[in-house]
Each structure stands twice: as C-alpha cells, then as structure tokens.
Amino acid sequence: MQEPRWWKECVVYQIYPKSFFDSNSDGIGDIPGITEKLEYLKWLGVDVLWICPVYPSGGFDNGYDISDYESIAGQYGTMEDFEKLLRTCHDCGIKVLLDLVVNHTSDRHPWFMSSQSGTTSPERDLYIWREGRENAEAPSNWGALFGGPAWTQEGPGGQYYLHLFSPRQPDLNWGNEQLRQRIYAMMSRWLDRGVDGFRMDVISLIAKPGEMADGPAGLSGYYDPRAQIAANPELHGYLREMRSSVLDGRDVVTVGEASAIGLEQARVITDPDNGELDMLFQFEHMDLDGGETFKWTDRAIQLPDLKRVMDRWQQGLDTVGWGALFWNNHDQPRMLSRMGDEGRFRETSAKMLATCLHMMKGTPFIYQGEEIGMTNMPFSHVNQLRDNESIQAFWHYTRSGMIPEQDMMQYIRLKCRDNARTPMQWSAQPQAGFTDAVPWMDVNPNYPDVNVQEQRGRPDSILAWYRSLIDLRHRHAVIVYGDYTPYDSDNPHVYAYLRSLDNQTLFVCCNFSASPRTCTLPRGFDGSNVTVLLDNTADSEYLSHSLLAPYESIILLKEGPHHGATHS
Ligand code: NOJ
C-alpha cells in the first residue's frame with residue numbers, strides 16, 4: 001500500500017468565484033459569497049476547496065492573467081475577506097488551495113510593463129524576448145493557444161515576446177534566477193498566511209527550451225509547441241527547487257495542471273522520492289473528442305477510448321505516484337452533457353458518472369454545480385459568450401471559411417468553456433438565487449428544475465448521491481488505497497473495475513448507455529459476504545441477472561480473499 005497522506009483521503013471542491021455566489025448584488029460572485037456558502041460545502045462533506053484566481057488581473061482570461069500576485073481583486077472583496085474565508089474554512093475543518101498562475105502574468109503586471117519598457121530594463125529578462133528572423137518573421141512558427149502566433153513584436157524592428165496563450169498573457173522566463181526567487185517568496189507568503197497548498201496552472205509548460213524550434217504547422221498555420229516544451233528536462237529541476245525552497249517542511253499539497261505530459265513523465269513528477277509535485281491533472285481523457293480543428297468538432301468521447309486512457313493512468317501511477325480525478329472543471333464542457341443524458345436519464349446518468357470517477361484511485365475533484373447535475377448551456381449566439389477563447393475561435397474559423405457559422409455555433413455549444421462558467425444554480429428564485437442583480441453571464445434556463453435547494457431535501461437526488469460517495473471514501477480505505485484492476489475491458493458499453501486492499505474487494509460497474517446491458521459478476525461476488533454499497537437504480541436486476549438498467553451503476557464490497565479479475 002502507498003504511504004498514507006491526508007490529501008489522498010480527501011475530496012476537493014473547485015470554486016470558480018465569479019460564478020459561485022454574489023453576496024453584494026453586483027452580478028459577480030465574490031469571496032464573502034463563498035464564506036456564506038461554507039455551511040453547504042461542509043454539509044456536502046468536501047475536505048478541501050480549490051479557489052480559482054481571485055487576484056487583480058488584466059480581465060482578459062477571468063483571472064488567469066494576474067497583474068498582482070499578492071492582493072485580492074476588488075470585485076472579489078478584500079484581503080480581510082479572504083482571511084476571514086480562510087479562518088472560517090479552517091474552523092470547520094476545510095482546507096484551501098489557491099491557484100498559482102506562474103507560467104505567465106497579465107501584460108498589465110508591473111514586471112511586464114517594466115520589461116516592456118526597453119532592452120535595458122532591469123526586469124527585461126523576467127520575460128522571454130527574442131529577435132525576429134529575417135524578412136520581419138517571428139522567432140519561430142509557434143502558435144498561441146487562444147489563436148494567432150505565440151510571438152508579438154514590440155514596435156517596428158523591436159524584439160518579440162513569447163505568449164503561449166494570448167498577447168495579453170506574456171510568458172515568464174523561468175530560466176531567470178531572480179524570477180524564480182520572486183515566485184518562491186510570493187508562494188511562501190501565501191503559505192505563511194495559512195493556505196494549504198496550490199493548484200498550479202499549466203505548470204508543465206514553465207520550462208521553455210533554449211532553442212524554441214519550428215515544428216510542423218497545423219491547420220491554424222502554426223505549430224503547437226506544448227509537447228516540445230513539456231519534454232524539456234529543466235522542468236524537473238525547477239519543480240525540485242520549488243519544493244526545497246518553499247514547500248519542504250510544510251504539510252501542504254501541490255496539484256499540477258499537466259498539459260502535454262505523458263504517463264512516463266507524470267510518474268517522475270509525482271514519485272515522492274523525486275520531490276516534485278504531489279499529484280497531477282492529466283488531460284488525455286479530456287482530449288479524446290478533439291480533432292484537427294482543436295476541440296471545435298462534434299466528435300464525442302467513445303467509452304472504449306475513455307476506458308483505455310483511464311485504465312492506463314490508473315495502473316501506470318498505481319504504485320509510484322498519485323493522480324487527481326476529474327470529469328469537470330472551469331475549462332471543460334459539462335461531463336453530464338458530454339457522456340451522460342441531459343434528458344430522461346439526467347439524474348441516473350449523473351450519478352453513474354460520479355460513481356465511475358469517485359471509486360477510482362486518486363483524489364476526486366468536484367467542480368461547482370456538478371454535484372447537482374448542471375448541464376451545458378444552450379448558447380444560440382456568439383454574443384452570449386464571455387470567454388475570449390471561444391469568441392476568438394468563432395471569428396477565426398468562420399471568417400477563414402474553415403467552419404461554417406452554424407456548425408461552429410454547434411461546436412461551441414458542445415465544447416466551449418463557458419458551459420462550465422454559468423452561475424451556480426442555488427434555487428428556483430430569479431437568476432437561480434446566484435445574484436439579485438443582472439449576472440455577469442446568463443444563468444442556464446434549466447435552473448427552476450436543477451438547483452441545490454430542490455435537491456438538498458430529496459434523499460434520491462444527485463446531490464445526495466455525491467454526499468454518499470464522499471462519505472464512502474471517508475469510511476473505506478479500499479477506495480483510497482486499493483489496487484485498481486480493469487474488469488470486462490472489452491465491453492463497449494460498461495465500465496467496470498475492481499479495487500482491492502487487504503481482504504476487501506470493491507467492484508464498480510457502470511452502464512454508460514441508455515439501454516440495458518450485461519456484465520457478468522466477478523468470481524466470488526455472489527455470496528453472503530458481499531454488500532451493495534450503492535446502486536442508482538431501484539429494483540436492480542444486476543445481482544440476479546447480471547443485467548444493468550440504462551445508466552445503472554452499482555458498487556459492491558466483498559470481504560474475503562481477492563480472486564483476481566476473472567469472470568465467475
Ligand atoms: C489553464 C486554466 O485552467 C485556463 O482557464 C487558462 O485559460 C489557462 N490555463 C491559461 O492560464
């Protein structure tokens with residue numbers, strides 16, 4: 001069994017502050033709003049909050065373009081509000097992770113404004129500046145993730161600065177010792193204030209290779225350099241230095257967002273012997289419905305692919321490292337809309353998806369609204385979007401003629417990040433009880449049916465189901481530390497697996513389809529030593545006939561020796 005640690009045993013809840021709860025009637029969620037809702041989060045049973053950026057920002061990427069690492073943005077409250085939130089969380093046994101965004105800053109950050117002021121600025125080298133090539137060409141053919149080139153020239157004949165996301169988000173130069181020391185000092189100050197760790201934004205991309213070489217251009221006309229950057233071995237040196245400078249000796253947790261990181265590298269990063277990060281978010285499963293035009297397609301994730309990817313990561317990290325489990329976050333469309341059923345089977349399929357994830361090995365993350373089955377937003381017009389990524393993609397693909405407008409709008413409905421960012425649905429009151437002003441973005445029109453208030457009092461709700469899953473993890477060590485073994489791998493409709501620890505074995509069986517499906521009970525699971533921990537279907541025929549109802553999911557616990565993953 002792996003070494004026990006508190007962060008392996010907990011469930012994390014991710015808060016997107018702008019859309020969580022508005023306490024001061026300005027249409028924007030805020031920090032006092034989170035404090036007000038702590039009673040709910042405590043009742044739900046989560047152990048840790050990850051709070052997306054609340055620092056002053058340039059306002060281009062909803063806080064992921066920071067202009068001051070050490071203050072709180074006025075729209076979210078004050079430092080006193082933050083300290084009160086932290087104290088109140090700690091008083092009720094909840095830990096708090098902040099978002100650490102140190103691959104880039106805002107172009108409004110004083111460091112960048114100084115760096116930009118000229119080649120002799122003492123802060124010039126905190127960012128990545130290069131001469132252009134002949135014929136006024138950028139230093140390489142790298143593309144930015146939010147569209148266009150990754151290099152912007154500072155005036156005619158000037159140097160170019162690197163920005164992997166947008167020109168408003170210049171990349172920091174981690175090769176500069178002074179920059180690294182500034183970041184470590186800033187992290188230490190937050191930890192001294194009492195925060196319990198960090199979720200680290202695109203941390204896999206901080207180490208830019210010396211030669212930022214051209215690569216094969218995609219349909220956009222540019223090369224996506226993420227794999228080249230993530231493979232730079234200097235990354236490991238920076239992470240180790242960060243640990244020894246800031247984290248050693250503190251009982252905190254680090255969760256890295258591991259864009260473009262493969263399993264082998266993830267094993268190195270999360271192996272405790274290497275002193276890098278505690279756990280990673282990997283994205284291979286989230287990228288299964290992408291294509292040549294990035295995520296802008298109507299491809300859907302196929303269950304056999306999802307199983308293949310999840311099994312590989314579950315087994316690959318098993319004895320070495322640790323993974324962060326998620327179906328949703330603020331950058332992803334709602335998983336219920338993606339692989340579940342928004343209609344007739346909304347509740348059953350939401351519970352099934354939750355079961356499938358929460359019984360895996362790793363630390364589960366719940367994204368706000370997931371616990372009540374919030375769905376994608378029926379966007380009909382580009383004016384309803386708030387996220388610059390999708391707005392720019394819309395104009396880029398439609399104006400270039402690559403994707404017709406109607407199709408692009410459909411892809412946006414399916415995949416855009418704003419799907420996750422609509423206000424939290426607290427009640428059937430106007431604006432879903434999120435605000436009593438005009439919200440910064442429209443609420444999903446399904447809030448009269450889908451909201452916390454309705455579900456909180458109903459024992460068979462999705463919310464109650466999440467509460468039970470969290471409670472199960474707290475009570476059964478096999479859910480936290482058990483080995484993971486895939487079961488019935490070739491079944492195209494059912495995702496099943498076993499977890500085993502000492503003399504307990506858990507069997508988890510999830511029907512990902514709207515039709516009844518079969519999956520044979522594993523050997524040894526038909527006796528009296530088997531308990532049904534949860535089943536989302538009344539009058540299940542599973543134990544009697546190995547037949548799963550549409551979107552049924554069942555968790556069985558067996559006491560006694562483990563027989564291996566064989567059919568009965
Ligand atoms: C990943 C964050 O999750 C996303 O929201 C953001 O746009 C990019 N990193 C850039 O910071």
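Note that the structure is a prediction, hence the values are computed from the model and not measured. Counting starts at 1 for both ligands and their atoms, in listed order.
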Item to complete: Determine whether the aromatic ring centres of Tyr367 and Trp50 lie less than 6.0 Å apart.
Response: no
Fill in: atom 7 (O) of ligand 1 - nearest protein heavy atom and its distance
Asp61 OD2, 2.5 Å
Worksheet entry | atom 8 (C) of ligand 1: the protein heavy-atom neighbour that sits closest, reported with distance to 0.1 Å | Phe165 CE2, 3.7 Å
Worksheet item: Does an N or O anywhere in His104 fall below 3.5 Å from an N or O of ligand 1?
Response: yes
Worksheet item: For Arg130 and Pro139, which heavy atoms make the closest approach, and how far apart are they?
Response: CB-CG, 3.6 Å
Worksheet item: Going by the order shown, which atoms of ligand 1 are within less than 4.0 Å of some heavy atom of Arg417?
Response: 4 (C), 5 (O), 6 (C), 7 (O)
Worksheet item: When you measure from atom 1 (C) of ligand 1 to every protein heavy atom, which one gives the shortest distance, and what is it?
Response: Asp201 OD1, 2.9 Å
Worksheet item: Relative to ligand 1, is Phe146 under 4.0 angstrom through side chain, backbone, both or neither, heavy atoms considered?
Response: side chain
Worksheet entry | Atom indices of ligand 1, in the order listed, that fall short of 4.0 Å to a heavy atom of Asp331 | 1 (C), 2 (C), 3 (O), 4 (C), 5 (O)
Discussion item. Please list, in number order, the atoms of ligand 1 under 4.0 Å from a heavy atom of Arg421.
Written reply: 5 (O)
Discussion item. Quick check on Glu292: does its CD atom have over 12 non-hydrogen neighbours (other residues, nucleotides or ligands) under 6.0 Å away?
Written reply: no
Fill in: Minimal non-hydrogen separation, Pro216 against Tyr223, with atom names
O-CD1, 3.3 Å
Item to complete: Verify whether the ring centers belonging to His104 and Tyr127 lie closer than 6.0 Å.
Response: no
Discussion item. Using a 4.0 Å heavy-atom cut-off, which part of Met200 comes near ligand 1: side chain, backbone, both, or neither?
Written reply: neither
Fill in: Side chain, backbone, both or neither: Gln332 near ligand 1, heavy atoms under 4.0 Å
neither
Worksheet item: Is the gap between the ring centers of Phe365 and Tyr13 under 6.0 Å?
Response: no
Practice prompt. For this output row, return yes or no: ring centroids of Phe165 and Phe146 closer than 6.0 angstrom.
Written response: yes
